[in-house]
Amino acid sequence: MIITLKRIYCKGAFTLGALQIQTESNREFLMNRYFCDTLEPHAIDWRREEKVAGKTAIPTGRYRVVMSYSKTYKRRMPFLQNVPHFTGIMIHTGNSVDDTRGCILVGKAVRPQNEDTDFENPTSEATVIGRLTDSRITFNRLYELIREAMKKGEEAFLIIK
């Protein structure tokens with residue numbers, strides 16, 4: 001299973017992205033198709049800036065995803081392995097950058113009423129709002145896809161671009 005997160009818009013304290021999923025069983029169906037939006041802390045240029053705990057997005061790269069028990073959520077959660085400069089990075093629920101603590105939140109990006117914002121070509125900075133809705137619904141769908149792929153013997157990886 002390959003989960004691809006394309007970071008699309010970085011504004012101040014937050015970074016919005018789009019998630020795509022490809023598994024062995026849905027290779028044709030979901031390849032290059034949008035699954036959900038993501039919200040992370042500010043993505044920095046690691047060559048020029050330093051990490052600020054809880055306020056910096058993880059570096060771009062390829063990370064193995066494993067299901068491990070989370071004391072915070074009191075259940076098994078998708079954790080990213082071997083993230084440079086970070087420990088305990090998960091994909092989880094949340095609505096604002098304050099909920100991330102460096103992790104990746106999934107959901108549906110909030111857009112101003114009556115406006116379909118194209119994050120690759122925003123019309124103005126005012127059209128981008130650093131919040132998510134439907135996070136639990138989205139996370140549960142993603143969780144089941146990861147769990148089902150792993151039950152079939154697939155490994156899961158997250159690629160951040």
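Numbers here simply count residues along the sequence, with the first being 1.
Under the 4.5 Å side-chain heavy-atom criterion for Ile, Leu, Val, Met, Phe, Trp and Tyr, Ile3 and Phe157 are members of distinct hydrophobic clusters. Using a 4.5 Å cut-off between side-chain heavy atoms of Ile, Leu, Val, Met, Phe, Trp and Tyr, with links allowed through other members, Met150 and Ile2 fall into different hydrophobic clusters. Cluster annotation: Phe139 and Leu145 are assigned to the same hydrophobic cluster (Ile/Leu/Val/Met/Phe/Trp/Tyr, side-chain heavy-atom contacts under 4.5 Å, transitive). Note: the hydrophobic cluster containing Ile91 also contains Tyr73 (ILVMFWY, side chain heavy atoms under 4.5 Å, direct or indirect links). Residue Val52 is not grouped with residue Ile104 when hydrophobic side chains (ILVMFWY) are merged at heavy-atom distances under 4.5 angstrom, including chains of intermediate members.
Rounding to the nearest 0.5 Å gives a distance of 7.0 Å between CG of Leu19 and CG of Leu158. Between the CD1 atom of Ile44 and the NZ atom of Lys55 there is a distance of 14.0 Å, given to the nearest 0.5 Å. The CG atom of Asn82 sits 12.5 Å away from the CD1 atom of Ile89 when rounded to the nearest 0.5 Å.
Counting heavy-atom neighbours within 6.0 Å of Glu50 CD, excluding the residue itself, gives a total of 12 or less. Applying the 6.0 Å contact sphere to CZ of Arg136 captures no more than 12 heavy atoms from other residues, nucleotides or ligands.
Closest approach of Phe86 to Ala57, counting heavy atoms only: CZ-O, 3.8 Å. Across all non-hydrogen atoms, the minimal contact from Thr93 to Leu105 is O-CD2, 3.4 Å. Of all heavy-atom pairs between Val97 and Glu40, the closest is CG2-O, 3.8 Å. Summarising the geometry of Pro41 relative to Cys103, their closest heavy-atom pair is CD-O, 3.9 Å, with the distance given to 0.1 Å. Pro59 approaches Val83 most closely through the heavy-atom pair CD-CG1, 4.2 Å.
A donor-acceptor pair under 3.5 Å is formed between the side chain of Lys51 and the backbone N or O of His85. In terms of modelled atom types and a separation under 3.5 Å, the side chain of Glu49 and the main chain of Asp45 share a donor-acceptor contact. Checked by atom type and distance alone, the side chain of Asp37 never pairs as donor or acceptor with a backbone atom of Lys108 at under 3.5 Å. The backbone N or O of Ser96 sits less than 3.5 Å from a side-chain atom of Asp99, completing a donor-acceptor pair. Of the possible polar contacts, one joining the His42 side chain to the Gly12 backbone as a donor-acceptor pair under 3.5 Å is found. No side-chain donor-acceptor contact under 3.5 Å links Ser135 to the backbone of Gly107.
Leu80 is not listed as a side-chain neighbour of Arg64, based on a closest heavy-atom distance of 4.5 Å or more. Residues Pro84 and Trp46 form no side-chain contact, since every pair of their non-hydrogen atoms from C-beta on lies 4.5 Å or further apart. In this structure, the side chains of Thr60 and Arg7 come closer than 4.5 Å at one or more pairs of heavy atoms. Residues Tyr63 and Ile58 have side chains in contact (heavy-atom distance under 4.5 Å, counting atoms from C-beta outward). With a 4.5 Å cut-off on side-chain heavy atoms, Val106 and Arg141 do not count as touching.
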Thr72 vs Arg101, test: side-chain contact (heavy atoms from CB on, under 4.5 Å). Steps then yes/no. CA-CA 12 Å; Thr72 302; Arg101 298 180 305 273; 4.2 Å; yes
CA sep, side-chain torsions, deciding dist, call: Lys161, Thr4, side-chain contact (heavy atoms from CB on, under 4.5 Å): CA-CA 8 Å; Lys161 298 179 178 185; Thr4 303; 4.0 Å; yes
Begin from the C-alpha positions of His92 and Met77 and carry the test side-chain contact (heavy atoms from CB on, under 4.5 Å) through to its verdict. CA-CA 8 Å; His92 63 81; Met77 296 290 286; 3.5 Å; yes
Could you go through the side-chain contact (heavy atoms from CB on, under 4.5 Å) check for Ile146 and Met1 one step at a time? CA-CA 8 Å; Ile146 295 170; Met1 167 181 236; 3.8 Å; yes
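Considering Val110, Thr15, Leu132 as possible partners of Leu39, the one that fulfils the side chain to side chain contact (heavy atoms under 4.5 Å, CB included) test is Leu132.
Under the rule for a ring-ring contact (aromatic ring centres under 6.0 Å, His included), Phe79 has no partner lying at least two apart in sequence or in another chain.
Judged by the 6.0 Å distance and 45° axis criteria, Arg75 is positioned over the aromatic ring of Tyr143.
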